[in-house]
Amino acid sequence: PADTYNAYYYLYSAIASVNNALEKAALLEDQDAVAPYVAELYAMRGLFHFHLATYFAPIPTSGNSNNNGIVLADKVFDIDYIGQRASLEDTYEFIVNDFTKAVESGLNKERKNGHVNYWAALALRARANLYRGDYEAALADAREVMSVSPYSLYTIDEYPSVWSQEGADEMIFEYLQTDVYNAQRYAPGYYTSPMGYSEYGVSPEFYEWLQQTPGDVRSKMVADCSEAPDGVADYHTGYYPLKYPGNAGASVPAYANNIKVIRLSEMYLIAAEAAVHLGEDAARYLNALRSQRIDGYVDVAEVTLEEILDERRKELFGEGQIAFDLWRNGRTVENGSFVVSATDYKTVLPLP
């Protein structure tokens, strides 16, 4: 429990700031002028609760019998308030409703990097609906983002170089970092460097699995650092993601890496997963994504849930989702001797 304090405290602190802003906004005279900000604040509150639910509650579709959700913060509380955990169902209902408030406003449809705009709220609602098992709603949201939003999939040629760019074509929402505001040695770039903390890598088996399809551009997104360069001390050998090379122009690239929260490619994966659960055509969504990832790709007529989960591993590795993807579908996470089933108590972090 002592190790989870930061994951808990800072999200609720952010929610408190959002609720304070919402209460003050309600007192302003020009409500039309404040409406775009209010819409974004609701989307932010939904996202921060979603982060908390992912960490501190089971996923509704995992099969876990634990029905405890999280403490829901929908207003500014007195200093001596003691929260009560909501049910899991009420937790996800609250999250989806906050995203819905942002979406139903119809505001913030322009691209504005670093902001939770209309499309980010809609995309995040698609993810939340997938987690709660509302596959029809998840599919509908994902399809709207794919068909109408101003974002487009990275091409095969673009894919290796977009990770240092801010506001790239398919980046719907990212947490921004700068030379002034960054996590320094706690940034993902430092954790994924063989000359940094080097704690965030991939297994040799995963690396070898990616290399089995050399025509897939994603096979180029892992660095083989299994041997130290001549004359380089303090080098930690292994295999590391290349998704955190540092923001373009950053003075210390390992310190300033924008955190990718949600990308357009995930909408194709959400649509495919929702469609396969509904018994609908899921292959169309994977074919569209794979055509921008695999050189010479030929469409397939159908796909299974296992293939969709494998596609998520290839597309989203290093972005903090894969364990939750497996548990969401009742699968077990296995990495050497580390084995955690979807109903294991270890899928839920202890409250600090």
Side-chain angles (χ1 to χ4, degrees), residues 123 127 130 142 145-146 151-165 168-172 174 188-189 192-194 200-227 238-245 257-276 281-326 328-329 331 333-335:
R127 186 194 286 176
L130 187 73
V145 177
M146 288 186 292
Y151 306 94
S152 57
L153 287 174
Y154 301 143
T155 65
I156 293 174
D157 291 337
E158 291 172 333
Y159 200 84
S161 61
V162 293
W163 305 97
S164 62
Q165 299 173 18
D169 285 346
E170 72 172 55
M171 187 55 59
I172 300 174
E174 57 189 325
T192 58
S193 168
Y200 193 2
V202 302
S203 67
E205 292 78 13
F206 181 78
Y207 173 80
E208 292 166 4
W209 180 61
L210 286 183
Q211 304 316 306
Q212 291 173 12
T213 51
D216 191 324
V217 69
R218 294 167 297 193
S219 68
K220 300 178 174 63
M221 295 307 300
V222 177
D224 180 356
C225 303
S226 55
E227 295 184 11
Y239 301 89
Y240 297 97
L242 292 173
K243 291 184 173 181
Y244 301 98
N257 288 263
N258 286 0
I259 308 300
K260 322 303 182 186
V261 179
I262 197 158
R263 301 190 281 118
L264 181 63
S265 55
E266 188 181 340
M267 295 300 99
Y268 289 83
L269 294 162
I270 286 175
E273 187 174 332
V276 83
D281 178 16
R284 59 190 289 198
Y285 305 111
L286 249 59
N287 287 333
L289 177 61
R290 287 171 173 171
S291 68
Q292 299 300 324
R293 300 292 183 262
I294 303 172
D295 188 33
Y297 177 71
V298 178
D299 286 356
V300 298
E302 57 185 30
V303 293
T304 65
L305 178 59
E306 295 302 330
E307 290 173 309
I308 294 167
L309 291 174
D310 277 349
E311 201 70 26
R312 290 187 69 95
R313 289 181 69 202
K314 292 178 181 179
E315 182 64 31
L316 300 173
F317 77 87
E319 297 180 58
Q321 296 206 53
I322 306 308
F324 304 116
D325 294 341
L326 293 169
R328 185 177 65 247
N329 285 284
R331 299 325 195 250
V333 170
E334 298 184 33
N335 189 358

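The first residue in the sequence is number 1, and the count goes up from there. These figures come from a predicted structure and were not determined experimentally.
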Item to check | Test side chain to side chain contact (heavy atoms under 4.5 Å, CB included) applied to L264 and V145, step by step | outcome: CA-CA 8 Å; L264 181 63; V145 177; 3.9 Å; yes
Next on the checklist: Run the side chain to side chain contact (heavy atoms under 4.5 Å, CB included) test on D169 and L153 for me, step by step, so that the C-alpha distance in whole Å, both residues' side-chain angles and the decisive distance to 0.1 Å come before the verdict.
Outcome noted: CA-CA 7 Å; D169 285 346; L153 287 174; over 6 Å; no
Item to check | CA sep, side-chain torsions, deciding dist, call: E319, E266, side chain to side chain contact (heavy atoms under 4.5 Å, CB included) | outcome: CA-CA 11 Å; E319 297 180 58; E266 188 181 340; over 6 Å; no
Checklist entry - Between I308 and V303, is a side chain to side chain contact (heavy atoms under 4.5 Å, CB included) present by the stated rule, with each step listed? => result CA-CA 7 Å; I308 294 167; V303 293; 4.1 Å; yes
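The shortest side-chain heavy-atom distance between I262 and M267 falls under the 4.5 Å cut-off. The shortest distance between side-chain heavy atoms of R313 and W209 falls below 4.5 Å.
K260 contributes no side-chain N or O that, together with a main-chain N or O of L316, makes up a donor-acceptor pair within less than 3.5 Å. Panel note: side chain E307, backbone T304; a donor-acceptor pair is recorded below 3.5 Å. With S193 contributing its side chain and G189 its backbone, the two residues share no donor-acceptor pair below 3.5 Å. Remark: side-chain polar atoms of N329 are not paired, donor with acceptor, to backbone N or O of R331 under 3.5 angstrom.
Distance check: S265 OG to M171 CE gives 8.0 Å after rounding to the nearest 0.5 Å. Taking OG of S203 as the start and OH of Y239 as the end, the distance is 9.5 Å to the nearest 0.5 Å. Separation of atoms OH (Y297) and CG (L286) is listed at 6.5 Å; rounding is to 0.5 Å. The line from CD1 of I259 to CG of N257 is 6.5 Å long, rounded to the nearest 0.5 Å. Atom CG of residue L309 and atom CG of residue L305 lie 4.5 Å apart, to the nearest 0.5 angstrom. Atom CZ of R218 sits about 9.5 Å away from atom CD1 of I156, to the nearest 0.5 Å.
Shortest non-hydrogen contact noted between G201 and Y240 is CA-CD2, 4.0 Å. Scanning both residues, E174 and Q165, for their nearest heavy atoms gives OE1-O, 4.4 Å. The shortest heavy-atom contact between A272 and A282 is O-CB, 3.3 Å. Contact record, Y154 with A168: OH-CB, 3.4 Å, taken as the closest heavy-atom pair. The two residues L289 and Y268 make their nearest non-hydrogen contact at CB-CB, 4.3 Å. Scanning both residues, L242 and A223, for their nearest heavy atoms gives CD2-CB, 3.7 Å.
Side chains of D157 and T155: a donor-acceptor N/O pair is absent below 3.5 angstrom, by distance only.
Taking the six-membered ring where tryptophan is involved, the planes of Y159 and W163 are perpendicular, since the angle between them exceeds 60° and thus also 30°.
Residue pairs meeting the salt bridge (charged side-chain N to carboxylate O under 4.0 Å, His left out) criterion with at least one partner in residues 285-294, sequence neighbours excluded, are E170-R293, R290-E311, R293-E315.
Of the candidates R127, K314, R312, R312 is the only one forming a salt bridge (Lys or Arg N to Asp or Glu O under 4.0 Å) with D325.
The distance between the ring centers of F317 and F206 falls below 6.0 angstrom.
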